[in-house]
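All values reported here derive from a predicted model rather than from experimental measurement. Quick note: residue numbers are just sequence positions, from 1.
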Amino acid sequence: MIKSPYDLTPVELHEGLYLKRDDLFQPFGENTVNGGKLRQCYMLVESVKNNFNGVISCCSIYSPQAPITAAVAHNFGIKCVICYGGTTYERLRLYRMPTICRRYKARIRIISKSGIHKILYNKAKKIAQEEKLFVVDYGFNITNYSDILLSAVSNQVKNIPEELDNLVITCGSGITTIGIIIGLHKFHKKVKKIYLVCTAPNRDKLIRETISKHGIKQSYTMIDLFHTKGFKYEVGVKESIGAIGFHPNYEAKAFRWLKNNLNYKEQKTLLWIVGSKPMQ
């Protein structure tokens with residue numbers, strides 16, 4: 001278990017597959033929020049907390065972004081408001097992520113009849129102005145705080161193998177992917193092929209524009225699960241390797257694609273585990 005956001009999480013070899021265990025960044029204990037997204041949020045809020053009364057965020061009822069934001073705010077002793085749309089307070093009590101938010105003393109608000117991100121954030125920004133709150137947005141504020149977010153990821157590349165045939169990354173907002181690519185160049189890692197297994201809309205434009213600003217040209221292959229017939233973000237799958245169970249909405253889907261399409265026992269392959277599903 002890694003407590004400090006500045007320490008490296010381990011790389012492990014399981015049944016011929018290398019795993020970057022960012023899920024082992026667990027500053028608040030086992031079975032709760034963890035991983036690379038938590039590190040990004042921790043370092044972001046740490047940098048702005050003295051300038052605001054607290055934080056506010058919006059996301060899907062299935063997303064770990066809300067409990068991550070709530071846990072970080074609770075850690076720093078500041079106010080946290082979590083906003084949802086397209087649901088009711090009664091229904092929210094049935095879902096794990098809002099329940100974890102309450103554990104960390106977050107204030108839950110339903111601010112829209114729609115759950116569309118753009119609508120939610122427009123309303124959340126008005127609340128933020130009224131209450132002097134910092135908006136933790138989807139992807140954790142890549143536009144204005146890119147140095148903090150990307151260094152939180154890129155530094156973790158330091159201890160992966162010097163050479164790989166395949167690197168497989170679950171791609172949601174694209175921020176982790178960008179940070180890893182920057183890290184590959186920073187630490188001179190040699191990777192023959194990078195596969196981005198997309199569980200959200202295509203982030204190719206954001207990825208290419210951002211790495212270009214860092215003077216990087218990197219080829220990769222996007223595996224678009226999101227637009228595959230029958231794919232649903234909120235419907236998880238069950239996959240594991242050895243004793244390690246993957247997050248059903250993210251790495252489990254990436255691992256299923258990996259084992260069906262890559263010969264990881266013959267080719268040196270690493271799956272980057274961003275995090276595991278918080279249970280409490």
Side-chain angles (χ1 to χ4, degrees), residues 1-43 63-65 67-68 71-72 75 100 140 149-184 186-187 189-191 194-197 199 236-259 262 264-265 267-280:
M1 184 187 302
I2 306 299
K3 293 286 189 179
S4 170
Y6 303 98
D7 290 345
L8 292 175
T9 50
V11 174
E12 300 174 351
L13 183 62
H14 292 265
E15 300 180 14
L17 178 65
Y18 287 91
L19 301 175
K20 173 60 174 177
R21 297 293 308 277
D22 234 14
D23 57 312
L24 293 181
F25 174 55
Q26 301 173 357
F28 310 131
E30 294 184 58
N31 298 320
T32 188
V33 292
N34 62 81
K37 290 296 183 184
L38 172 58
R39 183 189 299 106
Q40 293 171 45
C41 188
Y42 187 106
M43 294 172 70
S63 173
Q65 177 170 316
I68 282 173
V72 169
N75 176 72
I100 298 174
F140 295 152
L149 301 182
L150 298 180
S151 66
V153 181
S154 64
N155 290 337
Q156 289 295 320
V157 177
K158 186 175 183 178
N159 66 342
I160 73 169
E162 295 301 314
E163 296 185 5
L164 289 168
D165 292 310
N166 305 303
L167 172 58
V168 180
I169 307 165
T170 308
C171 187
S173 68
I175 308 308
T176 296
T177 294
I178 294 166
I180 293 172
I181 290 173
I182 291 172
L184 293 176
K186 180 193 298 186
F187 297 110
K189 305 292 183 176
K190 296 179 180 179
V191 180
I194 299 174
Y195 296 95
L196 309 182
V197 183
T199 58
V237 302
K238 189 174 182 179
E239 291 286 352
S240 62
I241 188 166
I244 300 172
F246 297 117
H247 194 302
N249 299 95
Y250 305 110
E251 279 75 24
K253 296 174 182 179
F255 177 69
R256 180 170 290 184
W257 176 85
L258 184 161
K259 71 177 184 178
L262 301 177
Y264 68 85
K265 294 187 178 180
Q267 298 176 332
K268 197 171 184 180
T269 301
L270 183 142
L271 173 64
W272 191 289
I273 304 178
V274 179
S276 60
K277 188 172 183 177
M279 303 306 293
Q280 59 183 8

(message) Do Trp272 and Val157 make a side-chain contact, defined as non-hydrogen atoms from C-beta onward lying under 4.5 Å apart?
(response) yes
(message) With heavy-atom distances below 4.5 Å as the criterion, would you say the side chains of Lys20 and Asn159 are in contact?
(response) yes
(request) Test Leu258 against every option in Ile241, Asn166, Leu17 by the side chain to side chain contact (heavy atoms under 4.5 Å, CB included) rule and name the one that passes. (result) Leu17
(message) Show the nearest heavy-atom pair for residues Glu15 and Lys265, with the distance to one decimal.
(response) O-CE, 3.6 Å
(message) If the test is side-chain hydrogen bond (donor to acceptor under 3.5 Å, both in side chains), which one of Asp22, Asp23, Asn34 qualifies with Thr9?
(response) Asp22
(request) Take Leu19 and Phe246, measure what side-chain contact (heavy atoms from CB on, under 4.5 Å) needs, and give me the verdict at the end. (result) CA-CA 11 Å; Leu19 301 175; Phe246 297 117; 4.3 Å; yes
(message) Quick check: closest heavy atoms across Pro161 and Leu270, and the distance to 0.1 Å?
(response) CD-CD1, 3.8 Å
(message) With side-chain contact (heavy atoms from CB on, under 4.5 Å) as the criterion, how do Lys37 and Ile175 come out once you've worked through the C-alpha distance, each side chain's angles and the decisive distance to 0.1 Å?
(response) CA-CA 9 Å; Lys37 290 296 183 184; Ile175 308 308; 4.1 Å; yes
(request) Measure across Ile100 and Pro67 and return the closest heavy-atom pair with its distance rounded to 0.1 Å. (result) CG2-CB, 3.6 Å
(message) Within this structure, what is the CD1-OG distance for the pair Ile68 and Ser63, rounded to the nearest 0.5 Å?
(response) 7.5 Å
(request) Please name the pair of heavy atoms, one in Gly29 and one in Lys3, separated by the smallest distance, quoted to 0.1 Å. (result) N-NZ, 3.9 Å
(request) Could you tell me the separation between the CD atom of Glu239 and the CD1 atom of Ile244, rounded to the nearest 0.5 Å? (result) 13.5 Å
(message) To the nearest 0.5 Å, what is the distance between CZ on Arg39 and OG on Ser4?
(response) 9.0 Å
(message) I'd like to know if the side chain of Thr199 pairs up with that of Lys253 as donor and acceptor (distance under 3.5 Å, no hydrogens or angles considered).
(response) no
(message) Would you compute the distance between atom CD1 of Ile160 and atom CD of Gln156 and round it to the nearest 0.5 angstrom?
(response) 11.0 Å
(message) Can you confirm whether Pro278 sits close enough to Phe28 that some side-chain heavy atom of one is under 4.5 Å from a side-chain heavy atom of the other?
(response) no
(request) Could you pull out the closest heavy-atom pair between Pro10 and Ile2, with the gap in Å? (result) CD-CG1, 4.4 Å
(request) With Cys171 as reference, evaluate Ile178, Thr177, Thr176, Val197 under the side chain to side chain contact (heavy atoms under 4.5 Å, CB included) test and give the passing residue. (result) Thr177
(request) Enter the distance from Tyr250:OH to Ile273:CD1 here, rounded to the nearest 0.5 Å. (result) 15.0 Å
(request) Measure up the Phe255 and Tyr264 rings against each other and bin them: parallel (under 30°), tilted (30 to 60°), perpendicular (over 60°). (result) tilted
(request) Kindly give the heavy-atom pair with the smallest separation between Gly179 and Leu150, and that separation in Å. (result) N-CD2, 3.8 Å
(message) According to side chain to side chain donor-acceptor pair (under 3.5 Å), who are the partners of Lys189, at least two apart in sequence or on a separate chain?
(response) Glu162
(request) Could you grab the distance from atom CG of Leu167 to atom NZ of Lys268, nearest 0.5 Å is fine? (result) 12.5 Å
(request) In sequence, state the C-alpha distance, the side-chain angles, and the governing distance for Ile194 and Leu184, and then conclude on side-chain contact (heavy atoms from CB on, under 4.5 Å). (result) CA-CA 11 Å; Ile194 299 174; Leu184 293 176; 3.7 Å; yes
